[in-house]
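Worksheet for the structure shown next.
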Amino acid sequence: MPSPRYWREIPQRYRLEANKCKKCGKIFFPPRLICCECRGQAFEKIRLSDEGKIITFTVIRVAPQQFATQTPYVVAIVETKDEVRLTTQVADCKPEDVEIGKKVRLVFRKIQEEGKTGILCYGYKAVLV
Amino acid sequence: MRDVAIIGCGMTKFGELWKKSIRDIFVEAGLKAIDDAGVENIDSMYVGSMTSGLFVEQEHISAIMADYLGIAGIPAVRIESACASGGLALRQGFIEVTSGMNDIVLVGGVEKMTDGADATYALASAADQEYEVYNGITFPGLYAMIARAHMHRYGTTRKQLALVAVKNHKNGASNPNAQFQRETTIDGVINATMVADPLTLMDCSPVSDGAACVILCPLDQAKKYTDTPVKILASCAATDNIALHQRDDVTILKAVKLSGESAFKQAGISPGDIDVAEVHDCFTIAEICAIEDLGFVAKGKGGEFTEKGETALDGKIPINTSGGLKSKGHPVGATGIAQVIEIVEQLRGNAGKRQVKNAKVGLTQNMGGSGASSVVHIFRVV
C-alpha cells in the first residue's frame, strides 16, 4: 500500500488540483492554507490547465538512486496557461529538442518507485506539442 | 545591543577525511579556535549542520560536540538551514553576545559527507521534496536551470561560468586548507563530465568533510584576548520560496538581495566599501548571481565582470580568495563559518599569498538550498 505521504498528494499529482485565493485571485500549486500575496484564507478549488510553456530546463546526467535508471532525462520549469509554475520532467523527447519557450502539455505518467518493494508512484510529466 | 567581535578561529583541512569522524573534525576545529582566542571558558555554543542524520545517522550533535570538546554542561544548540547552517549559527551566536546573555560563545559548523551516504539524495532534502525532488530534480539540476535562464536572458556565456571555477581554483591553489589545491583551465571545466546541462562536474562544488569554528565575545573585552579583533558590523538573514519554480524570476536570488540590503543598512556602508568577499559558489552560476544580487555589479553583468578579472585577487572586488566552495570544498554545515574564517584572516593580514592589500572591511554570504535562505555578515578589523 502506498504511504500516506504519497497518497495525500494524489489530488495534485494526478489531477493538477490547485487553489485560488477568493480575495486576490492568486493560484497556488500545491494548495496553501494562507495566501502569501494578501493573507487571505478563503480559497476555491481549481484544476490547472494542462497546457504550458518551458521557462527553463536542464538535462539530468547524475541522478539520485530512485532515478538512476532514467538518465539522461530532461527536467524543466513549466508555466501553465494559468501562469502557475511547476517542476516536471519533459518526456518522450530528445534532450536537444527542448528549448526555452517551447509549448508543452502535462500528461499522467509513472514518476518513480517507492521504497524497497517498488510501489509505483505516478504524477505529471510534460511532453512537447 | 553590545558590539561583538571574533577573537579566534580554527578549521580542519577540507576534503575526504576518511580517518576522522564527525566528532574528531569538530573537536579539532573547536580546539584550534579556543587556542587561537586564548579563552579558558566557553559560556555557550552553536553548531551548524545540515543533515548529520542523513550523512552519518547521528543527530543530537550539539550535545555530542559539547561532550567531546570537554565542555559538556554548557547550553549547546544545533542550527539547520541547509547549506546556510553555519552562517545562521553565527547569527545566533551574535544575537546571544550582543544581547548580553553570554560573553564567550563558540560558533561552529560541521559536515561529514564521505561516510557512504548518497550525497545527491541527502543534499536534495534542502529542496521541496514533494514538488521538486519527487519529479527528479537534483541540486546541480536546479542551479543548471538558473544558469540556462541567466544565459538566455543576459547572454552570460559558457566560458564566463567556467572562469568562476578557474579563478576560484587559482585562489584555492594557495590555501593549505583547500580540498583541491590545484589550478584548472577553461577547457578543463567545459570538457569535464556533464552533470546537469549546462553545468559540468567542474562547475560544481565537491562533496567534502570539514569543520570550522570561531569564538565570539563583546568587543569591549576583545583586546584582552587578541590584538586584532574583528568586529561584526552586520549579521542579517532572509528567506524566499523554497521551490525555485515558485519564484517570479529564477535568475534573482531574492533572499541574497534582502539579506545583503539589510546587512549594508545595519553596517551603514554600501557594496562599494567592501574590500574582499566570500560568496556562496556552490555552483559557478551561484557566484555570478550572488555578486549581482549583493550589488557588487548590475543584474546580468556578473559574467562579464568575472571575465574582465574584476573578481580576481587584484580585481575591483576580490571574491572567494579562499578558493570558494568550488576549490576549498563544501562540507555544507561548515561552509558558512569557513567563509568567515577566510575574511578574518584577510582582515588580520594573515592570508599569505591570497592576501588582498589593505583589506579592512569584508563580507560573507552563505546560502541554503537553491537560495531559499541566505545569511550575510559584514566585518571590520578593529
Side-chain angles (χ1 to χ4, degrees), chain A residues 5-6 8-10 12-13 26-32 36-37 52 54-80 83-91 95-96 98-101 106 109 111-112 114 121-126, chain B residues 54 117-154 156 192-201 203-204 207 239-251 254 283 285 370:
Chain A
R5 183 179 156 192
Y6 174 74
R8 64 177 171 247
E9 304 298 334
I10 282 176
Q12 291 76 257
R13 287 184 182 151
K26 172 116 178 149
I27 300 171
F28 294 97
F29 181 81
R32 294 191 181 208
C36 58
E37 293 291 320
I54 290 173
I55 299 296
T56 183
F57 69 98
T58 182
V59 185
I60 303 290
R61 314 267 174 184
V62 179
Q65 255 165 18
Q66 66 270 41
F67 292 98
T69 56
Q70 299 184 29
T71 57
Y73 58 90
V74 180
V75 176
I77 291 179
V78 164
E79 184 175 287
T80 66
E83 296 182 343
V84 171
R85 292 182 182 184
L86 44 82
T87 297
T88 177
Q89 286 192 35
V90 184
E96 53 272 28
V98 181
E99 282 173 28
I100 289 177
L106 294 169
R109 287 293 166 91
I111 306 293
Q112 54 169 288
E114 186 181 280
C121 298
Y122 299 92
Y124 45 84
K125 284 187 185 178
Chain B
L54 289 177
D118 178 350
T120 307
Y121 171 81
L123 292 170
S125 64
D128 183 331
Q129 279 289 6
E130 306 301 348
Y131 288 89
E132 291 184 305
V133 182
Y134 179 79
N135 292 314
I137 198 65
T138 60
F139 259 95
L142 287 166
Y143 279 93
M145 293 201 290
I146 296 176
R148 179 148 352 236
H150 204 281
M151 293 162 98
H152 183 78
R153 173 100 53 93
Y154 306 112
T156 303
T193 307
M194 192 64 86
V195 173
D197 308 28
L199 303 182
T200 72
L201 188 63
D203 287 291
C204 307
V207 168
T239 49
D240 193 3
N241 297 108
I242 186 86
L244 180 64
H245 62 244
Q246 293 207 318
R247 303 184 199 151
D248 297 336
D249 185 339
V250 297
T251 66
K254 203 159 77 185
F283 299 91
I285 182 64
S370 59

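These figures come from a predicted structure and were not determined experimentally. We name chains A, B, ... by the order of the sequence lines, and we start the count at 1 in each one.
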Next on the checklist: Once rounded to the nearest 0.5 Å, what's the spacing between atom CG of L86(A) and atom OH of Y131(B)?
Outcome noted: 10.0 Å

Checklist entry - Under a 4.5 Å heavy-atom cutoff, which of R5(A), Q66(A), Q89(A) has the most pairs with chain B? => result R5(A)

Item to check | Proximity breakdown for A149(B) and chain A, heavy-atom pairs closer than 4.5 Å | outcome: both

Checklist entry - Is there side-chain contact between Y124(A) and N135(B), with heavy atoms separated by less than 4.5 Å? => result yes

Item to check | Top contributor to chain A contacts, counting heavy-atom pairs under 4.5 Å, from H152(B), M145(B), E132(B) | outcome: M145(B)

Item to check | Q70(A), part contacting chain B, at a heavy-atom distance under 4.5 Å | outcome: neither

Checklist entry - For I60(A), is it the side chain, the backbone, both, or neither that has a heavy atom closer than 4.5 Å to a heavy atom of chain B? => result both

Next on the checklist: Can a donor-acceptor pair be found, under 3.5 Å and without considering hydrogens, that links the side chain of Q246(B) to the backbone of F29(A)?
Outcome noted: yes

Item to check | Within 6.0 Å of CD in E83(A), more than 12 heavy atoms from elsewhere | outcome: no

Next on the checklist: Quick one, Y134(B) with E9(A), criterion side chain to side chain contact (heavy atoms under 4.5 Å, CB included). Give me CA distance, side-chain angles, the key distance, then yes/no.
Outcome noted: CA-CA 11 Å; Y134(B) 179 79; E9(A) 304 298 334; over 6 Å; no

Item to check | Residue selection (most heavy-atom pairs with chain A, distance under 4.5 Å) from G141(B), A122(B), A144(B) | outcome: G141(B)

Item to check | Verdict with supporting geometry, R148(B) and I100(A), side chain to side chain contact (heavy atoms under 4.5 Å, CB included) | outcome: CA-CA 9 Å; R148(B) 179 148 352 236; I100(A) 289 177; 3.8 Å; yes

Checklist entry - Between F57(A) and chain B, which part of the residue has a heavy atom less than 4.5 Å away: side chain, backbone, both or neither? => result both

Item to check | Over 12 foreign heavy atoms within 6.0 Å of OH, Y121(B) | outcome: no

Checklist outcome for this item: Interface check, chain B: of P30(A), A63(A), A76(A), most non-hydrogen pairs under 4.5 Å belong to P30(A)

Checklist entry - Tell me, side chain or backbone of N241(B) under 4.5 Å from chain A's heavy atoms, or both, or neither? => result side chain

Checklist outcome for this item: From the list L123(B), V133(B), T138(B), I137(B), side-chain contact (heavy atoms from CB on, under 4.5 Å) with P64(A) holds only for T138(B)

Item to check | Segment of Q65(A) engaging chain B (4.5 angstrom heavy-atom cut-off) | outcome: both

Checklist entry - Hey, does the side chain of H245(B) reach the backbone of I77(A) with a donor-acceptor pair shorter than 3.5 angstrom? => result no

Item to check | Minimum side-chain heavy-atom gap E130(B)-Q12(A) below 4.5 Å | outcome: no

Next on the checklist: Is L142(B) in contact with chain A via its backbone, its side chain, both, or neither, using a 4.5 Å heavy-atom distance?
Outcome noted: neither

Checklist entry - What part of C36(A) gets closer than 4.5 Å to chain B, counting heavy atoms only: side chain, backbone, both or neither? => result neither

